Amino acid sequence: MTAAATRKLITRYYDAFNAQDVDGMLACLGAGFVHDVSQGEARKGKDKFAAFLAHMNASYKETLSDIVVMTNADGSRAAAEFKLKGKYLKTDPGLPEAKGQTYKLRVGAFFEVKGGKITRVSTHYNLKDWTRQVLGA
């Protein structure tokens, strides 16, 4: 896969995210997919990731902007940085109560790509900053 093709794949993945198109996101994923997060356990497999996305879409309304995608020369690895704007809709267990609070975060993600599909995405954001924003501190 070329670097340009990887950038296009990741752009398609994030376009699907912004549309809350779970099937579109899942179509970008390959066999053995792993979702690593900065807080919590890794999710292994498309089924677990689909359940996570359904939960997220019920609890949060998020959109991404200013997405920058960078790749290595052969397109097997990539990184993205973007701004996330969200609204907290439904209380997530273990987190503050949801009251429709809005928040903004800068997020980074790292990707592995094999056979034209994303096989790993590792997402990183500042949970303390998110918590401060939703608590109004």
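What you see below is based on every heavy atom in this structure, not just the backbone, and it leaves out hydrogens, waters and symmetry mates. These numbers come from a predicted model, not from an experiment.
In this structure Y125 satisfies the ring-ring contact (aromatic ring centres under 6.0 Å, His included) test with no other residue, sequence neighbours excluded. Scored by the side chain to side chain contact (heavy atoms under 4.5 Å, CB included) test, A5 finds M1, T2 as partners (sequence neighbours excluded). Residues passing the side chain to side chain contact (heavy atoms under 4.5 Å, CB included) test with A51: none are found, sequence neighbours excluded. Residues satisfying the ring-ring contact (aromatic ring centres under 6.0 Å, His included) test with H124, not counting sequence neighbours, are F110. For the ring-ring contact (aromatic ring centres under 6.0 Å, His included) test, residues two or more places apart in sequence or in another chain that qualify with Y103 are W130.
Taking a 4.5 Å side-chain heavy-atom cut-off between Ile, Leu, Val, Met, Phe, Trp and Tyr, the cluster of M70 extends to V68. Taking a 4.5 Å side-chain heavy-atom cut-off between Ile, Leu, Val, Met, Phe, Trp and Tyr, the cluster of L89 contains only that residue.
Looking at heavy atoms from C-beta onward, Y13 lies out of side-chain contact with L9 at the 4.5 angstrom threshold.
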Quiz item: How far apart are the C-alpha atoms of T102 and Y88, what are their side-chain angles, what is the distance that settles it, and do they pass the side-chain contact (heavy atoms from CB on, under 4.5 Å) test?
Solution: CA-CA 6 Å; T102 59; Y88 191 26; over 6 Å; no
Practice problem: Apply side-chain contact (heavy atoms from CB on, under 4.5 Å) to the pair V113 and T119, showing each step before the final yes or no. | Solution: CA-CA 6 Å; V113 176; T119 56; 5.9 Å; no
Exercise. Evaluate the side-chain contact (heavy atoms from CB on, under 4.5 Å) criterion for residues E81 and R106: first the C-alpha distance (whole Å), next the side-chain angles of each, then the deciding distance (0.1 Å), finally the verdict.
Key: CA-CA 7 Å; E81 182 183 44; R106 184 168 304 279; 3.1 Å; yes
Quiz item: Where do K8 and V69 land on the side-chain contact (heavy atoms from CB on, under 4.5 Å) test, with the steps shown first?
Solution: CA-CA 9 Å; K8 187 175 178 179; V69 179; over 6 Å; no
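Residues in residues 14-23 take part in these side-chain hydrogen bond (donor to acceptor under 3.5 Å, both in side chains) pairs, two or more places apart or across chains: Q20-N57. Each salt bridge (charged side-chain N to carboxylate O under 4.0 Å, His left out) pair with one or both residues in residues 82-99, not counting sequence neighbours, appears once here: D66-K83. Applying the salt bridge (charged side-chain N to carboxylate O under 4.0 Å, His left out) rule to pairs touching residues 121-130 yields D129-R132, sequence neighbours excluded. Within the structure, side-chain hydrogen bond (donor to acceptor under 3.5 Å, both in side chains) pairs that include any residue of residues 29-38 comprise H35-R43 (at least two apart or interchain).
A donor-acceptor pair is defined here as one N or O able to donate and one able to accept, closer than 3.5 Å; no such pair exists between the side chain of K104 and the backbone of L84.
With rounding to the nearest 0.5 Å, the separation of CD1 in I118 from CD in E112 is 11.5 Å. In this structure, the separation between CZ on F17 and CE on M56 is 6.5 Å, given to the nearest 0.5 Å. Going from atom CG of L127 over to atom CG of L95 covers 6.5 Å, rounded to the nearest 0.5 Å.
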If you look only at distance, which donor and acceptor atoms sit under 3.5 Å apart when one is on a side chain in residues 71-79 and the other is two or more places apart or in another chain?
residue, atom, partner, partner atom, Å
T71, OG1, R7, NH1, 3.2
N72, OD1, G75, N, 3.0
N72, OD1, S76, N, 3.0
N72, OD1, R77, N, 3.1
N72, ND2, D74, OD1, 3.1
N72, ND2, S76, OG, 3.1
D74, OD1, S76, N, 2.9
D74, OD1, S76, OG, 2.7

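Considering all non-hydrogen atoms of both residues, G24 and C28 come closest at O-SG, 3.5 Å.
Linking Ile, Leu, Val, Met, Phe, Trp and Tyr residues whenever their side-chain heavy atoms come within less than 4.5 Å leaves V37 and V34 in two separate clusters.
For NZ of K48, the number of neighbouring non-hydrogen atoms (other residues, nucleotides, ligands) closer than 6.0 Å is 12 at most.
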